*Asks:* 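Have a look at this one before I ask anything.
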Amino acid sequence: TFNALLAKLDQRGEPSKAAAAQLRSVSGLGSMDWHAQCPFAPFMAIKKSMLSTIIRCELYIPHPWLEEALGKPCPCCNNPITEAHGHHAICTPRNNEYISRHRWHNNIRDAVVAIAKSAGLGVTVECSGLLGPDERATREEDREKNKVADINIKGLHGERAGLYGVLGDISIVHPISGTAPHKPDARASGENGASVKQREKGKNDKYRELADRRDFAFEPMCVETYGR
């Protein structure tokens, strides 16, 4: 289990906080279940190259081809590759041959939309114009720029009557910086889920009070890159 791996990490005095943050991020509930699944249909099969990458991420083992590419420009952003664990590739918005962070963002949004619709709720995406600029913001750009959430779900009013809907904003956060020196987020090496909690706080600070003034509820919909 990953708890055992974390214990071994502590025992051998691993100096890398990034390694500890990585192991914590991939140790969420059910994260290892895929190892026990049988791909009974072609769409469930995992490519050999992807399988190797997943296992290396789980164990925090460097990728050989990234080790060979150290110092060379990244094909996506042209910045030099300075580490071999894939943090830079994961953090680049349009990043790899499998799927981009933008696509994953939209896949999560579409899954939430499907769940809401299956429950008989009304749902819209790209909610431009619902919140508008924040006239009380301290920064001038925030007083002029529209705040646009990713999704609005109607019918989830709960105990509060008169709501126009529940706004959600989706974000995928990687616990380790994609640029040198590749530091983990604050507390990520010692606290499970620290990165996603930090991102949720940022989303709440940005949207929640304004949404309340506009008679909307707001819920951050944040996930770490490894699924926690």
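Numbering starts at 1 and runs along the sequence shown. The shown structure was predicted, so the numbers you read here are calculated from the model rather than taken from an experiment.
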*Asks:* Linking I/L/V/M/F/W/Y whenever any side-chain heavy atoms sit under 4.5 Å apart, do Tyr60 and Ile90 land together?
*Replies:* no

*Asks:* Between Arg143 and Thr138, is there a donor-acceptor pair closer than 3.5 Å when you use the side chain of the first and the backbone of the second?
*Replies:*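 Present.
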
*Asks:* When rounded to the nearest 0.5 angstrom, what distance separates CZ in Arg136 from CG in Leu210?
*Replies:* 9.0 Å

*Asks:* So, using side-chain contact (heavy atoms from CB on, under 4.5 Å) as the criterion, who are the partners of Asp110 when residues are at least two apart?
*Replies:*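 side-chain contact (heavy atoms from CB on, under 4.5 Å) list for Asp110, sorted by chain: empty.
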
*Asks:* Group every Ile, Leu, Val, Met, Phe, Trp and Tyr by side-chain heavy-atom contacts under 4.5 Å, then state whether Leu121 and Met221 land in the same group.
*Replies:*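 Linked, Leu121 and Met221 end up in one cluster.
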
*Asks:* Do you know which two heavy atoms are closest between Glu224 and Pro175, and how far apart they sit?
*Replies:*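 Answer, listing the atom of Glu224 first, then Pro175: OE1-CG, 4.4 Å.
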
*Asks:* Give, for atom CD of Glu219 and atom CG of Asn204, the distance between the pair rounded to the nearest 0.5 Å.
*Replies:*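 It comes to 7.5 Å.
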
*Asks:* So which atom in Leu167 and which in Ala149 form the shortest heavy-atom distance, rounded to 0.1 Å?
*Replies:* CB-CB, 4.0 Å

*Asks:* Could you report the tightest heavy-atom contact between Leu66 and Gly86, atom names first, then the distance?
*Replies:* CD1-N, 3.5 Å

*Asks:* Is there a side-chain contact between Lys201 and Pro220 in this structure, where contact means two heavy atoms from C-beta onward sitting under 4.5 Å apart?
*Replies:*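 In short, these two side chains do not touch, never coming nearer than 4.5 Å.
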
*Asks:* Going hydrophobic residue to hydrophobic residue with side-chain gaps under 4.5 angstrom, can you get from Val148 over to Val125?
*Replies:* no

*Asks:* Would you give the length of the straight line joining atom CD1 of Ile170 to atom NZ of Lys203, rounded to the nearest 0.5 angstrom?
*Replies:*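 The NZ atom of Lys203 is 9.5 Å from CD1 of Ile170, to the nearest 0.5 Å.
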
*Asks:* Students often mix this up, so state it plainly: with edges at 30° and 60°, are the rings of Tyr207 and Phe218 parallel, tilted or perpendicular?
*Replies:* parallel

*Asks:* If you count heavy atoms of other groups shown closer than 6.0 angstrom to CD of Glu140, is the number above 12?
*Replies:*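 Incorrect, the count does not exceed 12.
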
*Asks:* Under a 4.5 Å side-chain heavy-atom rule over Ile, Leu, Val, Met, Phe, Trp and Tyr, are Ile108 and Val173 clustered together?
*Replies:*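 Each belongs to a different hydrophobic cluster.
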
*Asks:* Between Glu83 and Lys183, does any side-chain N to carboxylate O distance fall below 4.0 Å?
*Replies:* no

*Asks:* Side chain to side chain contact (heavy atoms under 4.5 Å, CB included) between His63 and Cys57: does it pass, once the steps are laid out?
*Replies:* CA-CA 9 Å; His63 298 263; Cys57 284; 4.2 Å; yes

*Asks:* Please tell me if the side chains of Ser171 and Cys222 come closer than 4.5 Å, counting only heavy atoms from C-beta onward.
*Replies:* yes

*Asks:* Taking the side chain as every heavy atom from C-beta outward, state whether His88 and Thr82 have any atom pair closer than 4.5 Å.
*Replies:*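 SC-SC contact between His88 and Thr82 ruled out.
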
*Asks:* Would a 4.5 Å heavy-atom cut-off, applied to side chains only, mark Pro80 and Leu70 as touching?
*Replies:*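 Pro80 vs Leu70: side chains apart.
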
*Asks:* Find out whether Pro62 and His85 are in side-chain contact, i.e. whether some heavy atom of one side chain is under 4.5 Å from a heavy atom of the other.
*Replies:* yes

*Asks:* Could you grab the distance from atom CG of Leu130 to atom OG of Ser128, nearest 0.5 Å is fine?
*Replies:*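 OG of Ser128 is found 7.5 Å from CG of Leu130.
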
*Asks:* Ion pair present between Arg109 and Asp150, side-chain N to carboxylate O less than 4.0 angstrom?
*Replies:*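 Salt bridge between Arg109 and Asp150, a charged N being under 4.0 Å from a carboxylate O: no.
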
*Asks:* What residues, two or more places apart in sequence or in another chain, satisfy side-chain contact (heavy atoms from CB on, under 4.5 Å) together with Val123?
*Replies:*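 Val123: side-chain contact (heavy atoms from CB on, under 4.5 Å) contacts with Val113, Ala116, Lys117, Ile151, Ile153.
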
*Asks:* So that I can tick it off, tell me whether Lys147 and Asp142 are bridged by a salt bridge, with the cut-off set at under 4.0 angstrom between side-chain N and carboxylate O.
*Replies:* yes

*Asks:* Indicate yes or no: does Asp212 engage Arg208 in a salt bridge with an N to O separation below 4.0 Å.
*Replies:* no

*Asks:* Do you know which two heavy atoms are closest between Pro133 and Asn146, and how far apart they sit?
*Replies:*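 Shortest heavy-atom contact: CD-OD1, 3.1 Å.
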
*Asks:* Are Trp104 and Val223 connected in the hydrophobic side-chain network, where two residues link if heavy atoms are under 4.5 Å apart?
*Replies:*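 Yes; tracing contacts between hydrophobic side chains, which count when under 4.5 Å, links both residues.
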
*Asks:* Could you pull out the closest heavy-atom pair between Ser195 and Ala188, with the gap in Å?
*Replies:* OG-CB, 3.7 Å

*Asks:* I need the minimum non-hydrogen distance between Pro64 and Arg56, along with the two atoms involved.
*Replies:* CD-CZ, 3.5 Å

*Asks:* Relative to each other, are the rings of Phe216 and Tyr164 parallel, tilted or perpendicular (30° and 60° limits)?
*Replies:* tilted

*Asks:* Hey, what do you get for CD (Glu191) to CG (Asp185), rounding to the nearest 0.5 Å?
*Replies:* 11.0 Å

*Asks:* Under 3.5 Å, is there a donor-acceptor pair between the side chain of Arg24 and the main chain of Ser189?
*Replies:*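 It does hold such a pair.
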
